[in-house]
Amino acid sequence: MRALAVALAAALIALLALTSCGGKKKAPTAPGLPSRSYVMGFSGFPPRPSVSTILQTIDLWSQRADAALILNEVPWDSLLAGRPADSLIRNDQVGLAAYYRAKGLRVVVSVDPTNGLDRSSDSAPLVAASRSLTEPSIQALYRGYVTAMDTLIHPDYLGLASETNLIRAIAPGALYDAVVTAANGAAADVHAVDPSAKLFTTVQVEVAWGRLVSGGAYVGIAQDRSDFPFIQALGLSSYPYLGGFADPDSVPIDYYDRLDDSDPIPMLVIEGGWSSVTVSSTATTPETQRRYIDRHAAILDRAGAAGWFQITFTDLDLAALGFPPGVEPFAHLGLVDTTFAAKPALSSWDAIFARPRR
């Protein structure tokens, strides 16, 4: 799913820096409502590839968010072509981060060194170039890119690797070992220049609960905590409807809380959601999606989570974006459809966002 964040041309994102946001957003106040521990937000990914649609997307969701997510796979093709990491980030992310902050939003960045749509493989540009993260020189490119991202963006949290338990489960062992080595090296590099940087990696929650690849038995994330000891927060990726949950209320209330039960750590949901149409063995409707938003808030409350992001605020026009049919399971996660018409889930999100944040 995370590969969606790099499918649009970088020039479209860079143009955001040229557009004034018109001042900071003011979060609503709701005296008497229970507080929430987590910031809420989205990425700027639009339903169709145009600058005007990107701006419309961000304008709509920024009214109901207090944080923004910047995420992308490492731009391997550009780095392999010799383009400096700092130049790429100045062109593609610095203006976007400034745009978000001018709207009063906190910024979280997540960098993915592998393939967001196929965790068994290296990133597609590396495969096309017959290269691999297992190579020390490729790991050095990644480490330099991550360090430049922190230096230039200074995000509230910085992610260094994604869905590590899923990579470990289905990728060649050498690739997982490379992720471990590269991420730990990058963490050392970042902290050498910015000791205050808050770093995380993400795990796939359905894998941790044995819902995707482990035969139904809970396995937890102890191995991930051991292999990435530098993390100061735990990122989560969760799509319960793809893990066989037929009803949102059947998702355990400790679905996140159990993951760090023996060693509590701040948690941020970096990607996830519930489709509003049936795209898997789980039958679902817009009303089911709305009930999931409510259930998800309860799960986050139980865990005392620090952040809740969905990659997409809108549904995706796969044809316009040029995505293959395999992306269909993630095309209907939006709280609005591709025309920006609200779904029932939007009202639930807005009610949760209206709660005062502690």
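Owing to the predicted nature of the structure, the values given are computational and were not obtained by experimental measurement.
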>> Any non-hydrogen side-chain atom of Leu321 less than 4.5 Å from a side-chain atom of Val327?
In response: no
> So how far is it from Tyr292 OH to Glu287 CD, rounded to the nearest 0.5 Å?
Replying inline: 15.5 Å
> Can you list the steps and then say if Arg83 with Asn91 is a side chain to side chain contact (heavy atoms under 4.5 Å, CB included)?
Replying inline: CA-CA 11 Å; Arg83 292 192 62 188; Asn91 286 342; 2.9 Å; yes
>> Using a 3.5 Å distance criterion without hydrogens, assess whether the side chain of Asp92 forms a donor-acceptor pair with backbone atoms of Ser87.
In response: no
> Can you name the closest pair of heavy atoms from Gln139 and Ala178 and give their distance?
Replying inline: NE2-CB, 3.8 Å
> Does the pair Gln93 and Asn72 meet the rule for a side chain to side chain contact (heavy atoms under 4.5 Å, CB included), with working shown?
Replying inline: CA-CA 10 Å; Gln93 281 89 25; Asn72 60 282; 3.7 Å; yes
>> To the closest 0.5 Å, what do you measure between CG (Leu96) and CD1 (Ile89)?
In response: 12.5 Å
>> Taking salt bridge (Lys or Arg N to Asp or Glu O under 4.0 Å) as the definition, give me every residue that meets it alongside Lys198, ordered by chain and number, with sequence neighbours left out.
In response: none
> Is the backbone of Gln204 close enough, under 3.5 Å, to the side chain of Asn165 for a donor and an acceptor to pair up by distance?
Replying inline: yes
> With a 4.5 Å heavy-atom cut-off, do Tyr99 and Leu105 have their side chains touching?
Replying inline: no
>> How close do Pro240 and Val251 get, counting heavy atoms only, and between which atoms?
In response: CB-CG2, 3.9 Å
> About how many Å separate OG of Ser123 and CG of Leu133, when rounded to the nearest 0.5 Å?
Replying inline: 9.5 Å
> Can you name the one residue among Phe330, Trp209, Phe245 that meets ring-ring contact (aromatic ring centres under 6.0 Å, His included) with Tyr239?
Replying inline: Phe330
> In terms of hydrophobic clustering (I, L, V, M, F, W, Y; side-chain heavy atoms under 4.5 Å; direct or indirect links), are Tyr145 and Val193 co-clustered?
Replying inline: no
>> For Trp61 and Tyr100, I'd like to know if the aromatic rings sit close, meaning centre-to-centre distance below 6.0 Å.
In response: yes
> Within the distance-only criterion (no hydrogens, no angle test), does the side chain of Ser226 pair as donor or acceptor with the backbone N or O of Ala222 below 3.5 angstrom?
Replying inline: no
>> Less than 4.5 Å apart, side chain to side chain, heavy atoms only: is that true for Leu71 and Phe309?
In response: no
> Looking at residues at least two apart in the chain, or sitting in another chain, which of them share a side-chain hydrogen bond (donor to acceptor under 3.5 Å, both in side chains) with Tyr255?
Replying inline: Glu206
> Do Val127 and Val74 sit in the same hydrophobic cluster, where Ile, Leu, Val, Met, Phe, Trp and Tyr count as joined when their side-chain heavy atoms come under 4.5 Å apart?
Replying inline: no
> For Arg90, what residues pass the side-chain contact (heavy atoms from CB on, under 4.5 Å) criterion, not counting sequence neighbours?
Replying inline: Asp86, Val94, Leu152
> Just checking, any donor-acceptor pair under 3.5 angstrom between side chains of Thr338 and Asp315?
Replying inline: no
> Distance only, no hydrogens: is a donor on one side chain within 3.5 Å (strictly under) of an acceptor on the other, for Ser132 and Asp122?
Replying inline: yes
> Has the side chain of Ser43 got a donor or acceptor atom that lies under 3.5 Å from a matching backbone atom of Ile311?
Replying inline: yes
>> Would you compute the distance between atom CG of Leu346 and atom CG of Asp350 and round it to the nearest 0.5 angstrom?
In response: 4.5 Å
Between side-chain atoms of residues 261-269 and protein atoms elsewhere (two or more places apart, or another chain), which donor-acceptor pairs fall under 3.5 Å?
from   : atom 1 : to     : atom 2 : distance (Å)
Asp263 : OD2    : Arg225 : NH2    : 2.8

>> Could you check whether any side-chain N or O of Glu271 sits under 3.5 Å from a backbone N or O of Ser238, counting only pairs where one atom can act as donor and the other as acceptor?
In response: no
> Nearest heavy-atom pair of Pro329 and Tyr241: which atoms, and what distance?
Replying inline: O-OH, 2.6 Å
> By side-chain contact (heavy atoms from CB on, under 4.5 Å), which residues pair with Ala187, not counting sequence neighbours?
Replying inline: Leu160, Leu199, Phe230
> Sequence neighbours excluded, which residues qualify as ring pair (Phe, Tyr, Trp, His ring centres under 6.0 Å) partners of Tyr176?
Replying inline: none
> Under the 3.5 angstrom rule, does the side chain of Ser37 hit a backbone N or O of Ala305 as a donor-acceptor pair?
Replying inline: yes
>> Suppose we screen for side-chain hydrogen bond (donor to acceptor under 3.5 Å, both in side chains). Which residues come up paired with Asp194, at least two apart in sequence or across chains?
In response: Ser196
>> For Gly144 versus Ala85, what's the shortest heavy-atom pair and its separation?
In response: O-CB, 4.2 Å
>> The criterion is side-chain hydrogen bond (donor to acceptor under 3.5 Å, both in side chains); which residues satisfy it with Ser130, sequence neighbours excluded?
In response: none
>> As a quick check of understanding, evaluate side chain to side chain contact (heavy atoms under 4.5 Å, CB included) for Gln223 and Arg168, giving each step before the final call.
In response: CA-CA 10 Å; Gln223 187 66 53; Arg168 186 172 62 251; 3.7 Å; yes
>> Using the rule given for side chain to side chain donor-acceptor pair (under 3.5 Å), can you reason through Thr164 versus Asp224, listing the C-alpha separation, both sets of side-chain angles and the distance that settles it, and then say yes or no?
In response: CA-CA 7 Å; Thr164 55; Asp224 303 271; 2.6 Å; yes
>> Treating Ser121 as the side-chain partner and Asp118 as the backbone partner, does any N or O pair qualify as donor plus acceptor under 3.5 Å?
In response: no
> Would you say Ser276 and Thr285 make side-chain contact, with heavy atoms under 4.5 Å?
Replying inline: no
> Would you say the side chains of Trp274 and Thr284 form a donor-acceptor pair under 3.5 Å?
Replying inline: yes
>> Show me the pairs that pass side-chain hydrogen bond (donor to acceptor under 3.5 Å, both in side chains) and involve residues 293-307, at least two apart or across chains.
In response: Tyr38-Asp301, Tyr256-His296, Asp257-Arg302, Arg290-Asp294, Asp294-Ser348, His296-Trp308, Asp301-Arg355
> Residues two or more places apart in sequence or in another chain: which of them pass side-chain contact (heavy atoms from CB on, under 4.5 Å) with Ala320?
Replying inline: Arg48, Pro49, Asp317
> Who are the side-chain hydrogen bond (donor to acceptor under 3.5 Å, both in side chains) partners of Thr114, not counting sequence neighbours?
Replying inline: Asp112, Arg119
> So how far is it from Thr202 OG1 to Glu163 CD, rounded to the nearest 0.5 Å?
Replying inline: 5.5 Å
> Any luck finding a side-chain donor-acceptor pair between Tyr157 and Gln232 under 3.5 Å?
Replying inline: no
>> The test is side chain to side chain contact (heavy atoms under 4.5 Å, CB included); show your working for Ile270 and Leu236 and say whether it passes.
In response: CA-CA 6 Å; Ile270 298 298; Leu236 305 176; over 6 Å; no
> Is Asp249 salt-bridged to Arg291, going by a charged N under 4.0 Å from an acidic O?
Replying inline: yes
>> Would you compute the distance between atom CZ of Phe200 and atom CD1 of Ile231 and round it to the nearest 0.5 angstrom?
In response: 10.0 Å
>> If the condition is side-chain contact (heavy atoms from CB on, under 4.5 Å), which residues does Ser137 pass it with, not counting sequence neighbours?
In response: Arg131, Glu135
